[in-house]
Amino acid sequence: MDPERRAAHAVEFLEVAVHAICKERRVYEPSIYGSRRCFGVPVPHARHPDVATYVKESLDALKPLLEADAVDAVAVAVVDPRGEPLERFVFRFAPFPQQRGGPVDAEAIEATEYALRALLAKLSLLESRLPDAEGRDVEWRLLVETRADRGDAVGPYLADPRGSGYVDCGGAACARGFADPSVVPVRAVAT
């Protein structure tokens with residue numbers, strides 16, 4: 001599967017995952033959510049235009065890093081108003097095998113979509129497996145961990161306007177404080 005298609009699948013999955021987590025952990029009022037289908041599975045989706053746009057734009061900004069196979073993990077952190085983490089949902093990405101050219105492997109695409117459907121089905125069970133989130137005042141953060149060996153892809157990305165919402169938290173950058181308390185440092189980049 002070509003890098004653009006893999007990145008598009010990953011972003012589509014992550015978008016649905018963020019909406020599902022935010023709904024189940026009551027980050028936003030449950031009444032703003034409707035239902036749609038993704039990979040054949042019914043999933044929640046925020047109908048509020050600002051929420052939907054923010055989630056989509058935040059994840060679309062990751063496409064260049066996903067295409068460059070520079071993302072090791074994406075985490076959705078549910079935090080209290082002080083920024084203290086309460087829950088974290090982590091999605092790890094294995095390095096993509098090097099494609100040797102030729103036609104796109106239909107079996108690989110089908111296997112990927114099947115795995116994504118299974119993960120979406122598990123996300124729908126969140127509420128029954130986690131403590132009740134009713135009445136909590138919470139926010140969410142998107143954290144992205146990049147591969148240490150892919151600094152060649154991360155540096156130019158952070159300098160590009162698409163990466164302007166992300167902060168490099170690698171190396172010395174983590175040692176100094178941040179003025180914006182909404183930024184949660186991880187090994188490489190965070191929003």
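The shortest non-hydrogen separation linking Pro44 to Ala20 is CG-CA, 3.6 Å. Scanning all heavy atoms of the two residues, the minimum distance from Ala7 to Lys63 falls at CB-O, 4.0 Å.
Applying the salt bridge (Lys or Arg N to Asp or Glu O under 4.0 Å) test to pairs two or more places apart or on separate chains, those with a residue in residues 38-56 are Lys56-Asp60.
Atom CD of Glu84 has more than 12 heavy atoms from other residues, nucleotides or ligands within 6.0 Å. Heavy-atom contacts from other residues, nucleotides or ligands closer than 6.0 Å to OH of Tyr114 number 12 or fewer.
With sequence neighbours excluded, the residues satisfying side chain to side chain contact (heavy atoms under 4.5 Å, CB included) with Ala75 are Arg88, Val90, Leu143. Applying the side chain to side chain contact (heavy atoms under 4.5 Å, CB included) criterion to Pro30, with sequence neighbours excluded, gives Arg26. Among residues two or more places apart in sequence or in another chain, the side chain to side chain donor-acceptor pair (under 3.5 Å) test is passed with Tyr33 by none.
Side-chain contact between Val74 and Leu142 is present, with heavy atoms from C-beta onward closer than 4.5 Å. Side chains of Val43 and His19 form no contact here, defined as non-hydrogen atoms less than 4.5 Å apart. Proximity of Asp69 to Phe93: side-chain heavy atoms (C-beta onward) are nowhere separated by under 4.5 Å. A 4.5 Å side-chain heavy-atom check between Val138 and Val79 finds every atom pair outside the cut-off. Put simply, the side chain of Glu145 reaches to within 4.5 Å of the side chain of Arg92, judged on heavy atoms.
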May I have the step-by-step check of side-chain contact (heavy atoms from CB on, under 4.5 Å) for Val18 and Leu59, ending in yes or no?
CA-CA 10 Å; Val18 167; Leu59 293 167; 4.2 Å; yes
Test log, rule side-chain contact (heavy atoms from CB on, under 4.5 Å), inputs Asp137 and Asp80
CA-CA 6 Å; Asp137 185 16; Asp80 68 16; over 6 Å; no
Which donor-acceptor pairs under 3.5 Å do side chains of residues 10-17 form with protein atoms, sequence neighbours excluded?
none

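A centroid separation of less than 6.0 Å is found between the aromatic rings of Trp140 and Tyr54.
Taken to the nearest 0.5 Å, the CG atom of Leu66 stands 13.0 Å off from the NE2 atom of His9.
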